[in-house]
> 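Encoded as structure tokens, here's the structure I'll be asking about.
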There are 2 protein chains.
Amino acid sequence: MSTAEETDGDSTPWGEVTPEAARRLLVAAVEAFAERGYHATTTRDIAGRAGMSPAALYIHYKTKEELLHRISRIGHDRALLLLETAAGRDGTAAERLADAVRSFVSWHAERHTTARVVQYELEALGDEHRVEIVALRRRTDAVVRRIIGDGVRAGEFDVPDVPGTTLAVLSLCIDVARWFNAQGSRTPEEVGTLYADLVLRMVGARK
Amino acid sequence: MSTAEETDGDSTPWGEVTPEAARRLLVAAVEAFAERGYHATTTRDIAGRAGMSPAALYIHYKTKEELLHRISRIGHDRALLLLETAAGRDGTAAERLADAVRSFVSWHAERHTTARVVQYELEALGDEHRVEIVALRRRTDAVVRRIIGDGVRAGEFDVPDVPGTTLAVLSLCIDVARWFNAQGSRTPEEVGTLYADLVLRMVGARK
DNA sequence: CGCGAACCTGAGCAAGCGCTTAGAGCGCTC
DNA sequence: GAGCGCTCTAAGCGCTTGCTCAGGTTCGCG
């Protein structure tokens, strides 16, 4: 944990953001956006949380919207990586689906501050940036749809409506970011396990 | 449909809001809040959509936040009424749960513009108003939990974690407001039916 | 030591914000 | 038909917003 730097795990969440001042600003922005929402957050608030003057923000980022885009891009990349890793492992469709849901959901719970911004501030992005992010989300959808489709073809699952069920599964997982509370009684891993079970039921996985 | 006025159904969505100018403003606010979010919406935009000057808004509402509160209050009341009606009917727990989910979800799809504001702009409310709305949401949660609990006690459902499953079911239903698109390929009723089936699977209802 | 690049601040600009005020128009009653 | 209450508008106030810019500090490097 101390010497790890670019191992791409979750050890240093914003390790790819340099220099350090830019990372501090970005972390401050994540907190502020998650608490109040993008539009209700001022650049003065972000700079203040990072211990800087408002003008310092514009040395590292062209606009407030660019900050949101960086957060959204990195967050989507990480979430997609989690899903694709689980989907690519060996095992039955049920095992891969459970694994994917468990890691995707526990990430949304563990890092719910980031996830809230990533999942619910999409519409504040500018047109070009939004197009880029929407493409990532389509890949996310495709990964889940593929696992469910595999399970249906293998006779493991009973799913009358694959696209609809895919949508519902992803919607269920994403919404964890909205309600999860760190002070609550469940750990991120517990929520991940619960949700993996619920999703297996949704696709009619044989026990 | 033509002569119905105060029958409390969904025939005249904002029928309880009078006078007509106040209703026009409220409908305009719902559209604007749903499209851009509360904080990104200006009072000039709301008044403009209602065909009035900005000052006209303040004859009918004390502040912009009061508008949001009225929308949120009426929307929560309606959604809660749908759930309680379904929950209070005769039938097995599975029938009541399916009924509740179907009507709750198809309302969120049909009136997704309103529902988006109601469900996702909670945090923009002032402290007192938010407390009031949160109380309504707890009642919503209690209704669903009760049906699921009934089903477990009757041996109809297999649910290891009732509070967790209740949370997941409501989360799934509510999130319909976020992704539903009127131009999409599914009707609100189709989504309601699909979701009722998925929820019955989640609670392990016997076929 | 001298110099340039990188980083940051204090002050502030133009624009837009929520909301207020003075008064106009209109339909109602007595 | 004068007076009154209700509804609405034009104008604008005070403030905050995202963002800029000239200048200062710090640092590595010759």
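Note on naming: letters A, B, ... go to the chains in the order of the sequence lines (proteins, then strands), and numbering restarts at 1 for each one. When reading the values below, keep in mind they use all heavy atoms of this one structure, side chains included, and skip hydrogens, waters and symmetry mates.
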> Might you confirm whether atom CZ of B/R146 has over 12 heavy atoms from other residues, nucleotides or ligands at distances under 6.0 Å?
no
> Which one, C/dC8, D/dC19, D/dT9, comes nearest to the side chain of B/I59?
D/dT9
> Contact list please: residues 41-55 of chain A against DNA chain D, heavy atoms, distance less than 4.0 Å, in numerical order.
A/T41, A/T42, A/T43, A/R44, A/A55
> Would you please test B/E84 and B/R139 for salt bridge (Lys or Arg N to Asp or Glu O under 4.0 Å) and show each step?
CA-CA 9 Å; B/E84 285 179 338; B/R139 286 180 56 193; 3.2 Å; yes
> Got a salt bridge between A/D99 and A/R102, using NZ or NE/NH1/NH2 to carboxylate O under 4.0 Å?
yes
> From C-beta outward on A/T63, which listed nucleotide comes closest to its side chain: C/dG18, D/dC19, D/dC8?
D/dC19
> Does B/H39 place a side-chain N or O at less than 4.0 Å from the phosphate oxygens OP1/OP2 of C/dC17?
no
> Using atom CG of B/L57 as one end and atom C1' of C/dT20 as the other, report the distance to the nearest whole Å.
13 Å
> For the residue pair A/H129 and A/H69, does the interplanar ring angle fall in the parallel (under 30°), tilted (30 to 60°) or perpendicular (over 60°) class?
parallel
> Can you confirm whether more than 12 heavy atoms, excluding those of A/E189, are under 6.0 Å from its CD atom?
yes
> Mark yes when over 12 heavy atoms from residues, nucleotides or ligands other than B/E123 sit less than 6.0 Å from its CD; otherwise mark no.
no
> Rounded to whole Å, please give me the gap between CD in A/E66 and C1' in D/dG18.
14 Å
> To the nearest Å, give me how far apart CZ (B/R23) and P (D/dT7) are.
14 Å
> What is the distance, to the nearest angstrom, from the NZ atom on A/K62 to the C1' atom on D/dC21?
19 Å
> Measure the distance from NZ on A/K64 to C1' on D/dT16 and round it to the nearest whole Å.
12 Å
> Between B/Y58 (OH) and C/dT20 (C1'), how many Å, whole number?
10 Å
